Structures are given as structure tokens and as C-alpha cells.
Amino acid sequence: MHEIEIPKQYEPGAAQEKWTQYWEDHHLFQPDAPPSGAAHIAPKSPFCIVIPPPNVTGALHMGHALNNTLQDITIRMKRMQGFDALWVPGVDHAGIATQAVVERKLFEEEKKTRHDIGRDALVQRIWDWKEQYQTRIIQQLKAMGCSCDWSRTRFTLDEICAKAVRHFFFKLFERKLIYRGKRLVNWDTHLQTAVSDDEVFHEAVEGHFWYIEYPLAALPGNTACAAQGTPSVCVATTRPETMLGDTAVAVHPEPETALNKAIDDLQKRIASASEKEKAELQTELDAIELRKTDGTLDRLKTLAELAKAGQQVILPLLNKRIPLITDTWAKPEKGTGCVKITPAHDPNDYEVGLRHDLPMLNILNKDGTLNENAGQYAGLTLKKAREKVVADLETEGLLVKTEERIIELAHSDRSKTPIEPFLNDQWFVQMDELAQSAIDAVSRVACDSPSAAGNIRILPERYTKGYIDWLSEKRDWPIGRQLWWGHRIPIWYCEGASETELENAFAGRKDVIWQWSSEGNAWWICSQTEDLAEGTIPGRKLVQEEDVLDTWFSSALWPHSVLGWPETTPELAQYYPTGVLITNRDILTLWVARMVLAGLFNTGKKPFGEVYIHPKILDKYGEGMSKSKGNGIDPISVIAKYGADALRFALAYLTTENQDIRLVLDFECPYCGAVCEQTKKNRVLPKIPCPKCKKEFRTQWAETPTDRALPEGPMIGERFEVARNFCNKLWNAARFVLMNLSESDSSPEPRPEVRGSDTGSVNVHLEDRWILSRLATATREVTQSLETYHYAEAMRSLYDFAWDEFCSFYVEIVKSRLQDDSQREHALAVLVHVLSALIRLLHPVIPFVTEEIWQRLMLASPPAGRFAGETANSIAVAPYPTADESAINPEVEKQFAVFQELLRAVRDVRASRNVPPKTEIAFSVRCDEATAALLKPMEPYFLSMAKARATGWGSETQPSALFAVVPLTGMDVFVDISELIDVPAEIAKLEKEIARLSGFIQSKESKLASDFIQKAPLAVVEKERESLAELCQQQQSARDALERLKR
RNA sequence: GGGCGAUUAGCUCAGUUGGUUAGAGCGUCUGGUUUACACCCAGAAGGCCGAUGGUUCGAGCCCGUCAUCGCCCACCA
């Protein structure tokens, strides 16, 4: 027997490094490279996952850790189940986000803007950034144990993706689904680009509500109006500077009707509102009703008439005449009842402008200063212009009043600066048909009929509604971004050429198509693959569109582009459509919906069969993690402290169906080990002083060299600790088995094969059949849970089986058998069998520790690694266990439960009577003969597990007064504590027990005396009767014992 | 304004189609180095399942209302 060289504690660091390298060296995750000696494996069904490509803006955080853990669990399970499993990794160029990060850095460090260094230089810097973070991200994924095929790592801007983007664009253009037009866009004046609605967030800021008078213009032939008491129109606005772009003032055409309707609606709402809301609504209602009597309504009616008669108003400051119009957008119940119309700078006004054919007067330059249309205000920033406009209005006496007001102001998610609505040329994809195809491709919850069987399932199902609702709006997709980082739109403008010139220049080419622009001033030429040179058309100049495509345009193609589309690659044929997409909920529309429509459009097939939406990671305050809040956590710091397996297990364990994941994390002082609570204040700091030893340690935000030199305070969290402990528990169970194997004869004789259904052999004990039955049940549960993305349930099954059943019972029981030479080999065989299955079930979740155990197990017991004649040289490609249904035996489980109950009762007597741990006690059991026969063989286990010697079994068993009595289901336990008995204490215990039982008996008796027996199902009634009888029996036993003690 | 989710032990969370006396981990308390594991073992205490009304023989679970918290979407002159 040699020394045991297995450490008592699992050391994750070394194992992680070793097995990451091993897996890579053996190409285990590269499906087209046959694993050594596996060339003759039959063709397998494909199963592919494409990673939601993380943005190269920065390193991965806990949200990514969760996302990738779940993907890895699924793909590893599929691989072990014999699928041709492929997980494609990659990163996203994340257009605006990445450019914004790099531009911000450029400004912070060098005080330069992108215009200072130019397009090429900026793009180069972004590439450098991308290289740095892609490397970092891949490192992080590898550290987490992700089993991606790294040889296929894609980037949304690489050649393969670029080709797909060009083909997609070309195809859309060819079908006339792409157009360009002037649209009001969300303009980010800082980044100087349009951003989509989805890249905008609203934030409450303090602002003002200004009331401004617009004098009525004298109308030829109708000079009477001024005399009627309406010399001016008053409007209210939160953005007075936009008045410079006003091209009308509007009033409702039927002010009275509209006002009454508003009052009506409000009354209806009051009727159904809660008490608290009622008061507020009533105040609102009163204010509106007042308008009917205080002259407001009359004035609006007059103005409506004037508007219909062609009245004009004078736009103050610029002294321009603009029309007074009637439009239902002007609500009589709001503001002053009249509204200024600025079509080029307000989405609603834009609609009004279209309806009334108003001029769209743009007053803004792209950098957020005012242009020449703003007259004397040109060149000012919006902020300055606002101040001056307000001051000037005041001077002219046109500012009626000013109110304080909280305004929900739109901000750019990327630059965090306010958004300006801005009229700009924009490329769009027409969405109606595409959106409909993506709607039709999912199974609706309500009509999940067999006809929809081939459709995409979104899980949990409740997310389906959001997906469909969003698509149903069918809003056209603005795809142009005024950026330098991204796929450039493959359109070339050509002015002045005739169609014949184009036909000649591109004769015989199918990869170039053109349209006459909707603005009627140039040709739009779209090229599918080649960038067109300036002089392609003799005598004409081709100019490429400056804009790049929205990031989501390339991400939409991800599932088929990474597999080589538009080429018909073998990969595409084999792995597309992919199996499942695992992602988070905020990109269900932006990304998932677009992947579906793009996939259908390009390939005619849905990109994936299922979409699983996982929970969101929140911090201890229940807030989402984000870089700006500083509460994001680098998974590497958790891995360093607890190991990758612990990280993964903890996250999977928390992944329930409808609850977000709150991670409570704190710092650990690297000097004294004290817990330093993470607070909203200190979580953004580069270094923190320990509250106990006062020394400073660094955090993940440390940047300066001095801060970086400090030791890092790791993040600690209870959930990770629990998971780490679990890994260690598994490690030690394996250590126990391995130690016993090494002490054993290392004869090449294979151990007897273990079969759960094998009941004949004398070597097969109750506990063997029990653990095999439990293993089969656990296997079934885990597999089923994982296949339906119920990760937490799977983890619970695994945790409970491994700890409470395998370790606490089976391993403990088997210890005494291992000492008996006649039983040893068989017991070891069962141990190895169960351990092997257990680590294979766990491998998808905790790959490193299970591989470490696996490799050791193969050395100690080579047959353990052999399946159907094949040797699996890694657990990653060993077969995933299938439930041995024949082993599932409820009767055995019930019998074993009796043993457990009895053992627990004996242990309880020991603990509660303070029996010294080393003292052996005796006990006897009164039970029926069948139970006695069952339990008698287990006598040694009571001795080894509870230091209790059984002295008698059966119906004749009688206690003496010096015994502790515990009534159980169908039996009474008598524990001999004559040495230690405390009679009054025993009496008290028994009386308490009798009282407790009385309570139950009473409630059951009254239940059985009620309607219950007529209405409840017979089986339930019968069960209640039995249970009552049982309780009475137990109570009687307790009474008898009490009698004896009192005698 | 529309939608979604949550509320269960001191803390963090489970709880399958309604069916005995509601579970786990952490923390707390008691006792332990028993031939893997103190990152451990044995045991205990601890809950009016947010409030209220209903359906039912029976509700943590189903339905109505309310309260509190969180998230998403839309809108706000």
C-alpha cells in the first residue's frame, strides 16, 4: 500500500490550468477533428450553440459568466450524450459602444476628439482596443471552462462576417427593402451620430416650463381680431430654444368636444382608481373643468375659428409669420391648450408637420450648435441659446410665466449626453414582411398546437408576448450610424450618369445593382462583394456612403454567418439551424427577433429551435450590474478565490425560472481576512481601507501603478462558498473511493458489473439497491431538468443526491463492508459505479474537479473509463449517464427510509440525552417481522453510524422503564439509557410528545367528521384514516412508556 | 399609461397538476478530530407563506381587490 498523494482539499487552480490545456491539446471541442481513436464513431446528430458575442467594449462581468456557464452546461451535456456538439465563440464589434469608449479615452488622456486624429487613426485605435479586449474575453471564457471550439472564434467585423453582411444588404436592396429618407432621429450631439430608440434612456432632470406669447398677425381684411381680446396665442414649452424652428402653432379643431372627452376619460379613471390616486386625479379634473368657465375654452374656440380662417401668428424674436393651424395633437386639457410646432426637432411635431405640409426647419448643426436658420442665435450651443432666448423674450415682455418642472429627458446610452431630435438622412430596412415572418416563426403560448411544432420556442414562455408585441409594431429599422467603427454601407452614389452608362460599366455583372434615389438626385449603386473604385464609371465619380451599419445588422446574421453563409459550407449544412440560443432578456427584440427574420430571409430556415432567456444578475441592493454603477464583478476574481467550478455551480444553482439572481458580495481584506462590506460608496473606489486592520487594498478598479501594487481584496459571497464546499465534498468522496481502490489488490480482474435490477446476488444489499435506485432517479431528474433549462432544479437534485444520499448514507454504510474481505470487492464496485455516474452527471456543471477525479479514477480502476469497448480519455467525451429505469425501486426506497428514520431516532436520543460520543448504547425495536427481517442485516451500520448496538427486533420486544421510547411510523424504538436516565426529563419529553400527537389527532378527527369523507377522493380519505390510526398508535406507545416511568 | 415579475425562517432562496404537520443553504444554539472531508460530522431551535375577500371537503399554490418592491415598453407642449 502506497502513501496517499491526494490532497485533503481540492485545489482548483492547478486543475483548471492542467485540464484546460489537456482539452485543447486533444481537440475535444473541435468536432471536425476526430478525437484520438474515435474515427469509427457512427455519424452523430448535430447540436450547435452560437455564443451571444460579448461586446469588445470591456471585460466580461457576472452576467456573462452566467450566460456562458449555462451555455457550457448545455453543450457539454449534449456532447457527452453523443451529439456532434459545436459551440461557436466570438465577440461583437458593438459599433457605437466601442467607438464611444475609445473616443472617451482619447479625450480623457489626450484631450483630442476623433476629428483631430481622423478616420483611419481612430479606427486603428479601436482595432487595438478590440485586440486587447478580445484576448481578455477569450481568456475569461477559457478560465471559466467554456468548451468552445476556439479554432472557430469569430468577430462580427471579420472577413467572414463582412461577406455575409454585404450579401444580406445586397439581397435586401435587390428586393427594394432598403430605402433612404429624411427622418427624425435621436441625435447624439456628443458622438455626432444617430442612435436608435433602444440606445436611449430617460432620466428625470429639473427643468422649467415656460409660457410664451406669440402675437397674432394682422390678417388682411380682418383687423377685428385684435379687438376681440385675443391679441396673442400663449404656448407652454420646456424647450424654448426650439421655437426658432417653429413653423406653426396648433390648436385643437374642436376644443369643446376634446375637452369634454378628456373630462369624461378622467372621470372614468377616477371611478376605477384606488383611494390614493383618486385625490390626485380629482385635482387634475378640477383644473381641467375650470377651463370651461375661466375663459380658456372660449379663447381656444376663437383661436380654432381663426385658424380655420387662415390666421397667422408672429414668431417672436425672429419676427416671422407662421400659420395658426388646427390639429388634434393640440390637447385643450394640456398646457395652454395651444402648442408650438417644431417639425424638425420633435417627433410628434414632425407628424403634425407631415399632415399639414409644413416646412421642416432644421436649426441644429451636427455638433449641437445652432445653424444659420436660428438667425441671431446661430453658433450658440443649445444651452446658451436657451438662456438667451428666455432673456430676450423677457425683455420683449412675451414671457408670461415660468414654472419649475421635472422633465424626463432622453439621454444617449452611449455618451450619457442629452438626445436631440434631429432631421437627418437615414437608411432604413422596411420591416412589415420581415417582421411578420419572425412573428410567424415562434409558437404563441395560446396556440401551441401540433401545427406549431416546428416553430421556435421561447422559454420561459412568458417572454413570447414581448417578442411578438415588439415585432407587431413593424417599425422600420434605421440601419445607418454616423460612425467610423463598423461595416460601411455598401452603397456608392453617382451623380449625373445615365442608366446606359451604368449598364455599360457593369455589363454582365450580377453583383452590382442600382436604383435612382428617392430624392431624385443620384444613383444608388449597391455592390455585393467588391468595393467600387471612384472611377469605375468613365467620366463619373463614385462616392461611397460614409455611414456604417447598425451593430445589430451584423449580429442578426450571427448564427448563419459564423458557419460560413453565404457559402454553402459543410458546417452550415451540418450545424444550421442551431439547437438553442441562450441569452438575456433585454436583447430579445433587438437581437433575437432580428436573427430570426434575417435567418429566415437568408437561409429560409429558423436560426434555432429554442431560445432560453436566463435571469439577470443583480447586486445586493437588487440593482442590475453596470459599469457606471461600479457594481459589476469580474468573474476572474471569484475564480481566483473559489475556483471556476464553484462559480459555475453557484450560478447554475441560482438560475430559477422567474427570479433574478441577487448576488451578495463583499470584499475580503487580503491582510487580516476581515469582511469589508461592499457599499454603494466604496464599490467604485480603486482602493479601500480595511475597517479592521486599516491597511488599504486594491479593487478591480485600480488603475494607477501605486494602487495596482496593493494586494487585491477578493470578492467573497456565501453562494460561492456553498458551491466551493460542495466541490470539496465531492472531491473527498472521490478521495475516499480512490484511497480504498489503491489499498485494494490492483488485479486487472474487472470488478463485478453493477446492475440495479440484480436482486438475486447475496452480495447485493438493501443499501446497494437503494443507492442505485436513487442514482437512476437523480439521473432522470437531472437530465430532464437540464434539457428543459431548469438549471436550479438540476443542481438541487445533484447536490442532494451527492451530499445527502451518496456521502452521508452510502459511503458511511459501506465503510464497514469494506473491512470485510468477502464483501469488499462488491462494495467497491458499487462505489465506483455510482461515483463514475455522479461525476459524469456533474461534469457539464463543474468540469474541472470532475475531470481531475475522472483521470485519477481511470488510473486506479481502468475499467471505469471504458464504455462499450471504448476508452474515454476525458470525462468530457465520456457518455452522459442514462437512467437505469430497472433500478428504480420505490419499495426499496421506502424500506431504506425506514432505516434512515430509525437511525435518526437513535442519534436523536443520543444527542438529546447527552450520551457521551464514545459510549456505546443498546437499543431494540418493536416492529412487524418483515421490518425486522429487513433491518436485522443492517445492525452493523447502527453500530458504525450511531454507536448503537441492536439487541432485539420484532413484535415481542418490550422495553423497561429505563429506556427512552421513540414512537415512529409502524414501530417503536427503545433505547437503553439506564446509565444516564433522567426520569423527570423523560416524563416531560413523553408528555410533550403526547400533547403534540393529540393536536394532530384532533385535527384529523374533525376533518374525518366533516364533508371531507364524502367529497374528497377515496384514496385521500383512506390515507387520512391510516395516518390517524398511525398517530393513535404512536400516542399509545408514548402513553405506555409514560406509565412505566411513573410506576 | 401598458406589460412582466416578486413578496415564504434572522439572511439568501426552493416549493412540481391544490391533498398529512411548508423545505434547503447560511447564520444561531448543543455536542463532536468516529479509518474521505472542520470547505467536516451528529442534533436542535426558528415560519399567521405581504394584506384582504372568494372558489373548494381542503389553498403557500387557483380567482378578485389592495399594499410594497423591482424590471421592461410607450408617452409627457
Side-chain angles (χ1 to χ4, degrees), chain A residues 4 6 8-10 197 202 209-210 235-239 242 250 269 274-276 329-331 334-342 346-349 407-408 462-463 465-466 469-470 473 585-586 588-589 616 618 620 622-624 642 646 653-654 656 658-664 718-719 721-722 724-740 790 792-793 796 799-800 807-808 811-812 815 818-819 904 907-908 910-912 914-918 944-947 996 999-1000 1003-1004 1007 1010-1017 1019-1021 1023-1024 1026-1028 1030-1031:
Chain A
I4 300 133
I6 311 172
K8 277 188 167 193
Q9 276 186 11
Y10 169 60
D197 290 347
H202 291 83
F209 203 37
W210 284 277
V235 299
T237 180
T238 55
R239 304 184 57 211
T242 61
R269 271 179 58 203
S274 67
E275 285 308 315
K276 207 172 142 190
W329 165 240
K331 309 287 182 208
K334 285 185 161 183
T336 64
C338 296
V339 60
K340 60 196 264 318
I341 302 296
T342 321
D346 180 281
N348 293 302
D349 292 2
I407 303 161
E408 288 279 323
R462 65 174 183 280
Y463 292 113
K465 188 174 155 35
D469 289 352
W470 186 82
E473 290 182 29
R585 74 174 96 94
D586 15 292
L588 179 63
T589 51
K616 191 175 177 163
L618 306 175
K620 67 166 110 176
E623 296 174 358
Y642 298 102
Y653 199 89
L654 291 165
T656 53
N658 41 20
Q659 185 102 304
D660 283 335
I661 300 174
R662 266 168 97 170
L663 280 185
V664 182
E718 185 219 314
R719 312 310 306 235
E721 204 165 305
V722 169
R724 190 241 353 234
N725 295 353
F726 175 69
C727 293
N728 194 56
K729 184 72 179 176
L730 182 74
W731 173 251
N732 273 289
R735 181 168 181 263
F736 173 80
V737 175
L738 291 166
M739 278 163 53
N740 276 288
H790 291 98
E793 279 173 38
R796 215 175 312 283
Y799 187 97
D800 293 347
C807 290
S808 294
V811 169
E812 289 306 320
K815 276 178 182 170
L818 289 170
Q819 313 228 358
R904 186 189 180 87
R907 281 169 165 177
D908 182 24
R910 291 196 67 113
S912 57
N914 294 320
V915 178
K918 301 208 161 138
S944 66
M945 295 170 79
K947 225 172 174 59
R996 189 181 70 94
F1000 297 138
S1003 82
K1004 284 203 189 294
K1007 191 174 187 180
S1010 72
D1011 284 0
F1012 174 71
I1013 45 171
Q1014 271 94 46
K1015 306 220 171 156
V1020 175
V1021 175
K1023 218 168 137 193
E1024 282 300 285
E1026 276 168 28
S1027 140
L1028 176 63
E1030 178 58 42
L1031 288 169

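Just so it is clear, the structure is predicted and the values come from calculations on it, not from any experiment. Chain letters run A, B, ... following the sequence lines, proteins first, then strands; residues in each count from 1.
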**Asked** Quick one: which of B/rC57, B/rA36, B/rU21 gets closest to the side chain of A/Phe1000?
**Response** B/rU21
**Prompt:** Does B/rU35 have OP1 or OP2 sitting under 4.0 Å from an N or O in the side chain of A/Gln819?
**Reply:** no
**Request:** May I ask you to evaluate whether A/Asn732 reaches the phosphate of B/rC39, defined as a side-chain N or O under 4.0 Å from OP1 or OP2?
**Result:** no
**Prompt:** For the base of B/rA36, is there a side-chain donor-acceptor partner from A/Glu812 under 3.5 Å away?
**Reply:** yes
**Message:** Return the pairing partner of B/rU68 with a 3.5 Å limit on both distances, Watson-Crick or G-U wobble; otherwise return none.
**Reply:** B/rA6
**Student check: side-chain heavy atoms of A/Arg585 and A/Asp660 closer than 4.5 Å** = yes
**Request:** Would you indicate what A/Arg719 reaches in the nucleic acid, counting non-hydrogen atoms under 4.0 angstrom: base, sugar-phosphate, or nothing?
**Result:** base
**Item:** P gap between B/rA74 and B/rG18, integer Å
**Value:** 37 Å
**Request:** Using a heavy-atom cut-off of under 4.0 Å over every strand shown, decide if A/Asn725 touches base, sugar-phosphate, or nothing.
**Result:** base
**Request:** Measure from the side chain of A/Val1020, starting at C-beta and using heavy atoms only, and say which of B/rC37, B/rC71, B/rG19 lies closest.
**Result:** B/rG19
**Prompt:** Out of B/rC57, B/rG31, B/rG15, which nucleotide sits closest to the side chain of A/Glu793?
**Reply:** B/rG15
**Message:** Taking the C1' atom in each of B/rG23 and B/rG15, what is the distance between them to the nearest angstrom?
**Reply:** 7 Å
**Prompt:** Can you check whether A/Trp731 stacks with the B/rC37 base, using ring centres under 5.5 Å and planes within 30°?
**Reply:** no
**Asked** Can you tell me the Watson-Crick or wobble partner of B/rG19, both distances under 3.5 angstrom?
**Response** B/rC57
**Fill in**
From the candidates B/rA42, B/rC37, B/rC39, the one with an atom nearest any side-chain atom of A/Arg724 is B/rC39
**Distance between C1' atoms of B/rU7 and B/rC13 (Å, rounded)** = 12 Å
**Asked** Does the side chain of A/Ser912 get closer than 4.0 angstrom to OP1 or OP2 of B/rG43 through an N or O atom?
**Response** no
**Prompt:** Where the side chain of A/Gln9 is defined as all heavy atoms beyond and including C-beta, which of B/rC39, B/rA6, B/rU20 is the nearest nucleotide?
**Reply:** B/rC39
**Message:** Under 4.0 Å, heavy atoms only, any strand: does A/Pro1017 hit a base, just the sugar-phosphate, or nothing?
**Reply:** base
**Request:** Could you check how far CD of A/Glu718 sits from P of B/rC13, rounded to whole Å?
**Result:** 10 Å
**Fill in**
Taking a pair to mean Watson-Crick or G-U wobble geometry with both distances below 3.5 Å, B/rC49 pairs with none
**Request:** Measure from the side-chain heavy atoms of A/Asp908 and tell me the nearest of B/rA44, B/rC57, B/rA36.
**Result:** B/rA44
**Complete:** Taking B/rG25, B/rA42, B/rG19 as options, the one with an atom nearest any side-chain atom of A/Ala1016 is B/rG19
**Message:** Please report the distance separating the C1' of B/rA24 from the corresponding atom of B/rU8, rounded so that it comes out in whole Å.
**Reply:** 13 Å
**Asked** So what does A/Cys727 hit on the nucleic acid, given a heavy-atom distance under 4.0 Å: a base, only sugar-phosphate, or nothing?
**Response** nothing
**Any donor-acceptor N/O pair, A/Arg907 side chain to A/Met945 backbone, under 3.5 Å** = yes
**Message:** I'd like to know if A/Lys8 reaches the base of B/rA36 with its side chain, counting only an N/O donor and acceptor under 3.5 Å.
**Reply:** no
**Message:** By the 4.0 Å heavy-atom rule, please label A/Ser1027 as base, sugar-phosphate, or nothing.
**Reply:** base
**Asked** With a 4.0 Å cut-off on heavy atoms, is A/Thr656 in touch with a base, just the backbone sugar-phosphate, or nothing at all?
**Response** sugar-phosphate
**Item:** Phosphate contact (B/rC41 OP1 or OP2) by A/Lys729 side-chain N/O below 4.0 Å
**Value:** yes
**Message:** Whether A/Lys815 engages the ring of A/Phe736 as a cation-pi pair (distance to the six-membered ring centre under 6.0 angstrom, angle to the ring normal within 45°) should be assessed.
**Reply:** yes
**Request:** Pick the C1' atom in B/rC4 and in B/rG19, then give their distance to the nearest Å.
**Result:** 31 Å
**Prompt:** Is the distance from OP1 or OP2 of B/rC71 to the nearest side-chain N or O of A/Arg462 less than 4.0 Å?
**Reply:** no
**Nearest listed nucleotide, side chain of A/Ser808, among B/rC57, B/rA42, B/rC39** = B/rA42
**Message:** Strictly by Watson-Crick or wobble contacts shorter than 3.5 Å, is anything paired with B/rG43, and which nucleotide is it?
**Reply:** B/rC29
**Asked** With a 4.0 Å cut-off on heavy atoms, is A/Arg239 in touch with a base, just the backbone sugar-phosphate, or nothing at all?
**Response** nothing
**Fill in**
RNA chain B nearest-nucleotide lookup for A/Phe736 and A/Asn914: closer to the 5′ end is A/Asn914
**Request:** Please tell me which of the listed nucleotides, B/rC13, B/rG19, B/rC71, lies nearest to the side chain of A/Arg662?
**Result:** B/rC13
**Prompt:** Which of these nucleotides, B/rG32, B/rC13, B/rG43, is closest to any side-chain atom of A/Pro917?
**Reply:** B/rG32
**Asked** Should A/Ile6 and A/Leu738 count as side-chain neighbours, where that means a heavy-atom distance under 4.5 Å?
**Response** yes
**Request:** Report which part of the nucleic acid A/Lys918 touches: base, sugar-phosphate, or nothing (heavy-atom distance under 4.0 Å, all strands).
**Result:** nothing
